Amino acid sequence: MGYNMINFLSIYIGNEKEAFCETRLDKGLNVVYSNDNNKGKTIVLQGLYYALGNTPIFPSTFDYENYYFIVDLSLGNEKFSVCRKNKTFLFRDMKTLNIFNSSSEFKRFFDEKIYAIPRIIKDDREKIADLDLFYQMFFVGQDKRDTSKIFNSGYNNKDDFMNMLYSFAGCSKITSNIDIEDIKRKQKSLKEERELIRKKEKFLSKHSSSAEFATYTVDRELYLKKIRNAEMLNDKLISLKNERNRIQNRKLKNEALISELRSLNRSLTEGSLVCLDCRGQHIGYENANKDVNFDVSDNEIRNNVMSAIQRRIDSAREDVEIINKKIFEVQRELKEVLKDKDISFENIVLYKDSIQSSESADERINQIDCELNRYDNLLKMEKDKENLNALTRDSLLNKLLFEMNALYKILEPTGRFTFDALFSKRDVNYSGSEECEYYLIKLYAMAKILKHPFPIIMDGFREGEISTAKESIIIEKYKELPNQVIFSATLKEQELDKYNTFSNINPIDYSKNVSHHILNHHDVDLLLQKLSEFSVTLCAGPSCD
């Protein structure tokens, strides 16, 4: 998709009882402000990336699980919308409606259809970075700030964040599909085989009868490695089969569901279906998470739902095919490991023909030398790649730190601090205006060096009483970026008109919002109208007529 920028156009939050709609966002720099706290700024800014799969960090009093979050976005000339209700995600563009029952399902779709998410190594395997880790490149919330680590640290940590940055820049530690440890094991095995052949030739030169061969002791360490390798492959095989079974089960359930919907279509041509509780003629489909309902008595809505379910069936079929290929490969490896009953090359050699010509032995040694040379070259190539990537990673980090220190010097001309890492040391945590400056500087440096296309959002960008002079510098520097920028701030009464004095800024005033209750009755119709674009039907209570 090139270097097209992604922009938030609007956000809708609420349910059938209360809602809030923000449609004033601009593609440039936006400042959402109010004359007091608790006016809803945090809920809106958090909601933007929450709708796209971010881990919720809402105020404790906000029951976000009971509300729908919808964002309209643009990517170049394309426009699309995403709706989230708890664990369920809906994606809508001009052509399709897609339904996802988990953030992992949505992440995969996001990676394939919207923007490629960086890959990292986690738990000894390559995986797509989690969305809440990815979004920290351009989003800083108001709560749970700690400059020494990432937000929501637990499964992910700051090393994962750094590896994600390197992956985004194309210099990650994932250099190829070559298994370095497997190559080293093969090298060791070939060297042992070559040594045994030489020992056998030397033995044959002294003894004329194979009956005089002495059986070598089985190498216990090699034997245990073989057992461990076999167990690992077997566990992998079981895991893949279990995963295949889970996908097959989901596929069967979706096939049964689409069959029911098709049956419903046939029934509607022969009569009308009614709700036995209320006698209404609206028949609903509820997704697996019980987060959203669709009125499938409407032909267009039913066809959209069936199309979305069919895409999930097709996706599951593709996943099963991929897993079947993986299972075949693991089975082949396991068969190869278990092919010989005895592991040591001594016994393998002993039980082969006792009279082996010197020419045959020399030929095998030559083959082994060629294989060892090939493996040496592969390892050297990987080492050269990794060394080059390491230099590139160092260069990237130096560029980020240089940009951070340069902006710091503009903000603090007499300051003596120097950033030497993207995170502070564990026992050194910034606070007040220092903390706020750190996040602003870091977000700016990552946007400028990595050139990502995502909106930059910082809730409370004046926390710690950043001076007016520094605020002006920050705003002017961020206006230089091509990214959409959304800041929030709480101002004093005498400051409420200050952002009108800046050029090319979109000020959005939340001062008139009711404290602690941004959701209202007036915006419900707008929300319901937006939900109808996703074919979502809300039921207000026992009477669903």
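These values consider heavy atoms only, across backbone and side chains, with no hydrogens, waters or symmetry-generated copies. The shown structure was predicted, so the numbers you read here are calculated from the model rather than taken from an experiment. Numbers for residues simply follow the sequence, beginning at 1.
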Peer 1: For G141 and Q46, work out which heavy atoms get closest and say how close.
Peer 2: CA-NE2, 3.7 Å
Peer 1: How far apart are the C-alpha atoms of K326 and E329, what are their side-chain angles, what is the distance that settles it, and do they pass the salt bridge (Lys or Arg N to Asp or Glu O under 4.0 Å) test?
Peer 2: CA-CA 5 Å; K326 290 181 180 179; E329 286 299 316; over 6 Å; no
Peer 1: For the residue pair L396 and I449, establish whether any side-chain heavy-atom pair is separated by less than 4.5 Å.
Peer 2: yes
Peer 1: Atom CD1 of I309 and atom CG of L97: how far apart are they, to the nearest 0.5 Å?
Peer 2: 10.0 Å
Peer 1: Only pairs under 3.5 Å count here: list side-chain donor-acceptor contacts from residues 241-251, not counting sequence neighbours, and write none if there are none.
Peer 2:
| residue | atom | partner | partner atom | Å |
| --- | --- | --- | --- | --- |
| N242 | ND2 | I238 | O | 3.3 |
| R244 | NH1 | N324 | OD1 | 2.7 |
| N245 | ND2 | K241 | O | 3.3 |
| N249 | ND2 | N245 | O | 3.2 |
| K251 | NZ | E255 | OE2 | 2.9 |

Peer 1: Identify the two heavy atoms, one from G53 and one from Y135, that lie closest to each other, and give their separation to 0.1 Å.
Peer 2: C-CE1, 4.2 Å
Peer 1: Taking only residues two or more places apart in sequence or in another chain, which ones pass side-chain hydrogen bond (donor to acceptor under 3.5 Å, both in side chains) with K186?
Peer 2: D182
Peer 1: For F151, check ring-ring contact (aromatic ring centres under 6.0 Å, His included) against everything at least two apart and list the hits.
Peer 2: Y439
Peer 1: Which is it for L73 and E78 under the side chain to side chain contact (heavy atoms under 4.5 Å, CB included) test, yes or no, and what are the steps along the way?
Peer 2: CA-CA 8 Å; L73 303 102; E78 300 178 35; over 6 Å; no
Peer 1: For K448, which residues count as a salt bridge (Lys or Arg N to Asp or Glu O under 4.0 Å) partner, sequence neighbours excluded?
Peer 2: E403
Peer 1: With side chains defined as the heavy atoms from C-beta onward, is the minimum distance between I70 and I11 less than 4.5 Å?
Peer 2: no
Peer 1: Would you check if I441 and F419 make a side-chain contact, meaning some heavy-atom pair closer than 4.5 Å?
Peer 2: yes
Peer 1: Does S74 have any side-chain hydrogen bond (donor to acceptor under 3.5 Å, both in side chains) partners at least two apart in sequence or in another chain, and if so, which?
Peer 2: none
Peer 1: Taking the side chain as C-beta and beyond, is there a heavy-atom pair between N156 and D132 under 4.5 Å?
Peer 2: yes
Peer 1: When you measure from the side chain of Y438 to the backbone N and O of L422, does any donor-acceptor pair fall under 3.5 Å?
Peer 2: yes
Peer 1: Please identify each residue that fulfils side-chain hydrogen bond (donor to acceptor under 3.5 Å, both in side chains) with Y12, with sequence neighbours left out.
Peer 2: none
Peer 1: Let me confirm one number: the CG-CG distance from D420 to L397, rounded to the nearest 0.5 Å.
Peer 2: 9.5 Å
Peer 1: What heavy-atom pair brings G47 and F58 nearest, and what distance separates the two atoms?
Peer 2: N-CE2, 3.8 Å
Peer 1: Report the distance from atom CG of L133 to atom CG of L131, rounding to the nearest 0.5 Å.
Peer 2: 9.5 Å
Peer 1: Does the side chain to side chain contact (heavy atoms under 4.5 Å, CB included) test come out yes or no for L48 and F69, once each step is laid out?
Peer 2: CA-CA 8 Å; L48 289 167; F69 290 78; over 6 Å; no
Peer 1: From M5 CE over to H452 NE2, what is the distance, rounded to the nearest 0.5 angstrom?
Peer 2: 7.5 Å
Peer 1: Who pairs with D459 by salt bridge (Lys or Arg N to Asp or Glu O under 4.0 Å), at least two apart in sequence or on another chain?
Peer 2: none
Peer 1: Is it true that a side-chain atom of Q484 and a backbone atom of F8 form a donor plus acceptor pair closer than 3.5 Å?
Peer 2: yes
Peer 1: Less than 4.5 Å apart, any side-chain heavy atom of I150 and any of F423?
Peer 2: yes
Peer 1: Is the backbone of R108 close enough, under 3.5 Å, to the side chain of K113 for a donor and an acceptor to pair up by distance?
Peer 2: no
Peer 1: Just by distance, do the side chain of S424 and the backbone of S148 share a donor-acceptor pair under 3.5 Å?
Peer 2: yes
Peer 1: Check the pair V140, I457 against side chain to side chain contact (heavy atoms under 4.5 Å, CB included), reporting the backbone distance first and the verdict last.
Peer 2: CA-CA 6 Å; V140 172; I457 297 179; over 6 Å; no
Peer 1: Would you please test K79 and M94 for side chain to side chain contact (heavy atoms under 4.5 Å, CB included) and show each step?
Peer 2: CA-CA 8 Å; K79 291 185 179 181; M94 295 299 293; over 6 Å; no
Peer 1: Can you confirm whether I6 sits close enough to P455 that some side-chain heavy atom of one is under 4.5 Å from a side-chain heavy atom of the other?
Peer 2: yes
Peer 1: Begin with the C-alpha distance, continue with both residues' side-chain angles, and end with the deciding distance and a verdict on salt bridge (Lys or Arg N to Asp or Glu O under 4.0 Å) for D130 and K107.
Peer 2: CA-CA 8 Å; D130 291 333; K107 178 178 74 171; 3.3 Å; yes
Peer 1: For R92, which residues count as a salt bridge (Lys or Arg N to Asp or Glu O under 4.0 Å) partner, sequence neighbours excluded?
Peer 2: none
Peer 1: For the residue pair Q310 / D314, report whether a side-chain donor-acceptor contact shorter than 3.5 Å exists.
Peer 2: yes
Peer 1: Check side-chain contact (heavy atoms from CB on, under 4.5 Å) between S103 and all other residues, then give those that pass, not counting sequence neighbours.
Peer 2: F89
Peer 1: Out of F109, F534, F100, which residue meets the ring-ring contact (aromatic ring centres under 6.0 Å, His included) rule with F91?
Peer 2: F109
Peer 1: Report the C-alpha separation of D369 and R194 in whole Å, then their side-chain angles, then the decisive distance to 0.1 Å, and conclude whether the salt bridge (Lys or Arg N to Asp or Glu O under 4.0 Å) test is met.
Peer 2: CA-CA 9 Å; D369 288 340; R194 182 174 59 182; 2.4 Å; yes
Peer 1: Test of understanding: with ring-ring contact (aromatic ring centres under 6.0 Å, His included), list the residues that count as partners of F454, not counting sequence neighbours.
Peer 2: Y115, F134, F138
Peer 1: Going by heavy atoms in the side chains, are I99 and R312 under 4.5 Å from each other?
Peer 2: yes
Peer 1: Looking only at atom types and distance, does a side-chain atom of D111 sit under 3.5 Å from a main-chain N or O of I117, one as donor and one as acceptor?
Peer 2: yes
Peer 1: Can you list the residues that meet the side-chain hydrogen bond (donor to acceptor under 3.5 Å, both in side chains) rule with N398, with sequence neighbours excluded?
Peer 2: none
Peer 1: Evaluate the side-chain proximity of I120 to E126: yes if any heavy-atom separation is below 4.5 Å, no if none is.
Peer 2: no
Peer 1: Between N66 and K85, what is the shortest heavy-atom contact and its length?
Peer 2: C-CE, 3.7 Å
Peer 1: Taking salt bridge (Lys or Arg N to Asp or Glu O under 4.0 Å) as the definition, give me every residue that meets it alongside E195, ordered by chain and number, with sequence neighbours left out.
Peer 2: none
Peer 1: Does N483 use its side chain to pair, donor to acceptor, with the backbone of A447 at less than 3.5 Å?
Peer 2: no
Peer 1: Cation over ring, K442 on F161, under 6.0 Å and within 45°?
Peer 2: yes
Peer 1: Would one find more than 12 heavy atoms of other residues, nucleotides or ligands at under 6.0 Å from atom CZ of F328?
Peer 2: no
Peer 1: Under the 3.5 angstrom rule, does the side chain of S532 hit a backbone N or O of S535 as a donor-acceptor pair?
Peer 2: no
Peer 1: Kindly confirm or rule out a cation-pi arrangement of K87 over F106, judged by NZ or CZ under 6.0 Å from the six-membered ring centre and within 45° of its axis?
Peer 2: no
Peer 1: So, the side chain of R84 versus the backbone of N86: is there a donor-acceptor pair under 3.5 Å, distance only?
Peer 2: yes
Peer 1: Is it the case that the side chain of N157 and the backbone of D160 share a donor-acceptor pair, with hydrogens and angles ignored and the cut-off at 3.5 Å?
Peer 2: yes
Peer 1: Quick check for you: to the nearest 0.5 Å, what is the distance between L90 atom CG and N98 atom CG?
Peer 2: 9.0 Å
